[in-house]
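Right, one structure below, let's go through it.
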Amino acid sequence: MTITQTNLLQIRQQIPSQVTLVAVSKTKPMPLLMEVYEVGQRIFGENKALEMRDKHEALPKDIQWHFIGHLQTNKIKYIAPFVALIHSVDSFKLLQEIDKAAKKCERVIPCLLQFYIAEEETKFGFDLDEVNVMLNSTEFLELNSIEIAGVMGMATYTDDQKQIAKEFKQLTSIFHLLKDQYFSHQSNFKEISMGMTEDFPLAINEGSTMVRVGSAIFGSRNYNP
Ligand SMILES: *Cc1c(COP(=O)(O)O)cnc(C)c1O
């Protein structure tokens, strides 16, 4: 058993079976991904389109690739044919471009709406007003090659557990609000993607359905894009 495999199995023991574990493999070499693949991990998260395309081409085809980073519209085409879920839709423009790319591939791409819940200035994401405007627009109704599968958010990078819990609670309440108002008849609207290495147990307590864990599995990264 390698260190990476031991790490993965330990993380999995801390996650209830109904919560999905996304192994965040950004910047990590393919042999490390294969190590966790060999102990059953099938969902990987990447935040660079070209890196994800290359890994998808080289690795087993039953891997589900989740895109978790800021996605530039000119890069969508590299991942549109195979991406299983885009966690990080942060503008209507991006959603429209994903829809176009999905249409060209004759498929529907599941997407999460990324919400801005942290106190930091730098994080990407919608606020609730923007999403209400979008979901009420006729242009939104015209998109039929995307499917909104839920919400995603990142908490402030802080030691203050209360602050983090507050932000996760906020995302969970946004999820329920949207579910009630717009998606009550859509069983596919079901994901709350929140929680990373430092805060995933807290996120699960606050209702996360999907955690994105990188360094606790693969070790720390040389750079942190
Ligand atoms: C890098 C990254 C993660 C994983 O971070 P760790 O702290 O290494 O677990 C999760 N979500 C997003 C959006 C990321 O960019």
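Counting begins at 1 with the first residue of the sequence. Just follow the structure's listing: the first ligand is 1, and inside any ligand the first atom is 1.
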_Under 4.0 Å, counting heavy atoms only: does R221 come that close to any atom of ligand 1?_
yes

For K103 and D99, the nearest pair of non-hydrogen atoms, with its separation, is NZ-OD2, 2.7 Å

What atoms in ligand 1 come closer than 4.0 Å to a heavy atom of [X]?
| X | value |
| --- | --- |
| V213 | 9 (O) |
| R212 | 4 (C), 9 (O), 10 (C), 11 (N), 12 (C), 13 (C) |
| G214 | 4 (C), 6 (P), 8 (O), 9 (O) |

dist Q41:CD -> M34:CE (nearest 0.5 Å) comes out at 12.5 Å

In this structure, NZ of K55 is separated from CZ of F44 (nearest 0.5 Å) by 9.5 Å

Self-check item: Test: K26 and E46 ion pair at under 4.0 Å
Solution: no

Atom 12 (C) of ligand 1: of T197, I68, T27, V211, the nearest heavy atom sits on I68

Ranking M196, K26, H87 by closest non-hydrogen atom to atom 14 (C) of ligand 1, top hit is K26

- Hey, does E198 come in under 3.5 Å of ligand 1, counting only N/O atoms on both sides? no

Using distance alone, determine whether A216 and ligand 1 share an N or O pair under 3.5 Å.
no

Notebook entry, point to check: How about I3: does its CD1 atom have over 12 heavy atoms from other parts shown lying under 6.0 Å from it?
Noted result: no

Exactly one candidate in L113, L143, N188 meets side-chain contact (heavy atoms from CB on, under 4.5 Å) with I148; the answer is L113

